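Here's the structure we're looking at; comments come further down.
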Amino acid sequence: MAGTIQALILTPPPAQTLPFAHRLPHFPSKHAAFRFNHRLSRSISNPVKACQHPDQKDGNGNKSHRHSGSVKSLNWAKPLSNFVANNFLPLALVGGVALGIANPSLGCLADTYSLSKFSTFGIFIISGLTLHTGEIVAAAEAWPVGIFGLVSILLFTPYFSRVILQLQLQPQEFVRGLALFCCMPTTLSSGVALTQLAGANSALALAMTVISNLLGILIVPFSISKFIADGVGVSIPTKQLFKSLVLTLLIPLILGKICRESFRGVADFVDQNRKLFSKLSAIFLSLVPWIQVSRSRSLLLMVKPPVFLVAIGMGILLHISLFVFNALAVKGVSALSGGSRSVFSKKENATAVLLVASQKTLPVMVAVVEQLGGALGESGLLVLPCVAAHLNQIIMDSFLVNFWLRKDLSTNSRKNHLSTKPDLS
């Protein structure tokens with residue numbers, strides 16, 4: 001009787017004993033059945049013990065430490081991986097700068113093969129692959145915002161160069177370089193990439209980028225002559241710049257869009273892996289500052305650290321000033337054009353114009369300085385503070401975009417929590 005009761009207690013659920021019953025349809029005796037069930041129950045109970053808390057004891061009274069190490073490693077690895085995923089773009093940019101300073105030979109080698117042009121090509125291929133037709137319609141509907149952005153980039157923000165020229169800093173090329181930087185159009189790739197990461201109107205950002213750089217070829221010489229050069233003739237390589245913009249910006253964008261619309265599988269794959277393509281775009285973007293820092297490392301080491309830190313601070317202050325100016329201007333225009341019903345009040349449009357109109361491009365700046373022939377000072381010293389300013393604006397805006405994304409995520413999760421909360425009234 002006692003053996004029967006013990007067998008009933010140790011016997012596992014029927015669903016787990018059925019497979020074994022088929023294998024052993026006949027038991028020699030009740031005692032053999034008891035021994036089989038007893039072994040089976042012990043074998044099933046062991047995995048449960050393996051999953052227990054590390055501080056719990058096993059059947060012999062000993063503490064189980066088998067999985068404590070793996071649990072502890074997961075405790076610190078998960079927050080680290082989340083941090084890397086949430087801040088992938090700024091970390092990639094900082095990593096590119098650090099690599100350029102530590103080992104410039106690789107960056108200089110990449111520059112000889114024009115890797116920065118291929119990276120820009122890759123960024124706009126991704127832009128075309130991820131560009132929905134509805135986004136193009138949204139950009140057309142937001143044309144007043146686009147016109148404001150173009151006016152801000154090409155006409156309003158160059159006036160900041162007058163303020164910068166009032167500063168006294170040696171070498172004076174640092175001041176003139178940042179003044180030239182104010183007269184440039186918007187960045188070729190980072191503004192669009194950041195707009196995409198923020199989930200804003202990327203088609204509007206793309207339209208402002210293309211048009212401002214094409215018009216900038218004609219307007220930048222007049223801005224430099226009016227605000228900086230005081231009549232010094234500046235020759236802009238219009239044909240070369242126009243060809244470069246078409247090859248590295250328009251053609252890859254069109255190719256990416258054609259691939260998306262021609263092959264349904266490509267569109268589905270891109271939409272299902274948007275995070276992966278965002279990381280690829282960030283990697284392509286980080287190649288540009290890596291190459292620029294590698295090229296400028298020797299000049300960086302010649303400048304006294306306090307002077308260069310002041311120049312970096314000036315670049316940071318310049319970007320903050322441009323961002324605040326555009327934010328206040330967008331808010332004012334929105335209030336005058338209908339308030340909450342205005343196209344300026346839509347978050348996706350306002351975010352796009354803030355990111356794109358507050359940045360300045362370095363490649364066009366370098367092309368312009370090369371054509372000056374030393375008229376405004378040493379070319380390397382003119383470009384050096386602008387390299388830092390270019391990096392600063394991208395890093396600052398990438399952290400700002402990550403802040404916006406985390407804020408939107410917390411807001412959405414709070415709304416979902418409230419919507420799923422049962423009504424007790």
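Keep in mind that this is a model prediction, so the values were computed, not measured.
- By the 4.5 Å heavy-atom criterion applied to side chains, Phe277 and Phe269 are counted as neighbours.
- Looking at Thr186, its side chain does come within 3.5 Å of a backbone N or O of Val356 through a donor-acceptor pair.
- Residues Ser398 and Leu194 approach most closely at CA-CD2, 3.6 Å, considering heavy atoms.
- The 12-atom threshold is not exceeded at CZ of Phe118, counting heavy atoms of other residues, nucleotides or ligands nearer than 6.0 Å.
- Contact record, Leu165 with Ile228: CD1-CA, 4.2 Å, taken as the closest heavy-atom pair.
- Formation of a donor-acceptor pair under 3.5 Å by the Ser262 side chain with backbone atoms of Cys259 is not found in this model.
- When atom types are taken as modelled, the side chain of Ser152 and the backbone of Phe148 share no donor-acceptor pair closer than 3.5 angstrom.
- Distance CG/Leu115 to CZ/Phe121: 13.5 Å, rounded to 0.5 Å.
- Just one of Leu322, Leu400, Asn326 meets the side chain to side chain contact (heavy atoms under 4.5 Å, CB included) condition when paired with Leu354; it is Asn326.
- Using modelled atom types, no side-chain atom of Ser190 and backbone atom of Thr187 make a donor-acceptor pair closer than 3.5 Å.
- Between Phe323 and Gln359 there is no side-chain heavy-atom pair separated by less than 4.5 Å.
- Rounding to the nearest 0.5 Å places CG of Leu255 at 5.0 Å from CD1 of Ile125.
- With respect to the salt-bridge test (charged N to carboxylate O, under 4.0 angstrom), the residues Arg260 and Asp271 qualify.
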Extract all donor-acceptor atom pairs below 3.5 Å that involve side chains of residues 175-182 and protein atoms in other chains or at least two apart in sequence.
| residue | atom | partner | partner atom | Å |
| --- | --- | --- | --- | --- |
| Arg176 | NH1 | Leu376 | O | 2.9 |

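- Shortest non-hydrogen contact noted between Pro144 and Phe344 is O-CZ, 3.6 Å.
- At a threshold of 4.5 Å between non-hydrogen side-chain atoms, the residues Ile164 and Phe227 do not count as touching.
- For the residue pair Gln393 and Ser358, no side-chain donor N or O sits within less than 3.5 Å of a side-chain acceptor on the partner.
- Nearest heavy-atom pair, Asn213 versus Pro185, reported as atom, atom and distance to 0.1 Å: OD1-CG, 3.5 Å.
- Taking CZ of Phe222 as the start and SG of Cys183 as the end, the distance is 13.0 Å to the nearest 0.5 Å.
- Residues Phe325 and Phe160 form a side-chain contact, since some pair of their non-hydrogen atoms from C-beta on lies under 4.5 Å apart.
- Of all heavy-atom pairs spanning Thr195 and Ala352, the tightest one is CG2-CB, 3.9 Å.
- Rounded to the nearest 0.5 angstrom, Asn349 CG and Leu204 CG are separated by 6.0 Å.
- When each of Lys360, Met314, His390, Met396 is paired with His319, the side chain to side chain contact (heavy atoms under 4.5 Å, CB included) condition holds for Met396 and for no other.
- Residues Val330 and Val145 form no side-chain contact, since every pair of their non-hydrogen atoms from C-beta on lies 4.5 Å or further apart.
- Without hydrogens or angle criteria, Asn273 side chain to Leu276 main chain gives no donor-acceptor distance under 3.5 Å.
- Looking only at side-chain heavy atoms (C-beta outward), Ile126 and Ile123 stay at 4.5 Å or farther from each other.
- Side-chain atoms of Asn201 do not come within 3.5 Å of backbone N or O of Glu348 as any donor-acceptor pair.
- Rounded to the nearest 0.5 Å, atoms CE (Met184) and OG (Ser161) are 9.5 Å apart.
- Atoms CG and CZ, on Leu129 and Arg274 in that order, are 10.0 Å from each other to the nearest 0.5 Å.
- Listed here is the closest heavy atom pair of Val353 and Ala350: CG1-O, 3.2 Å.
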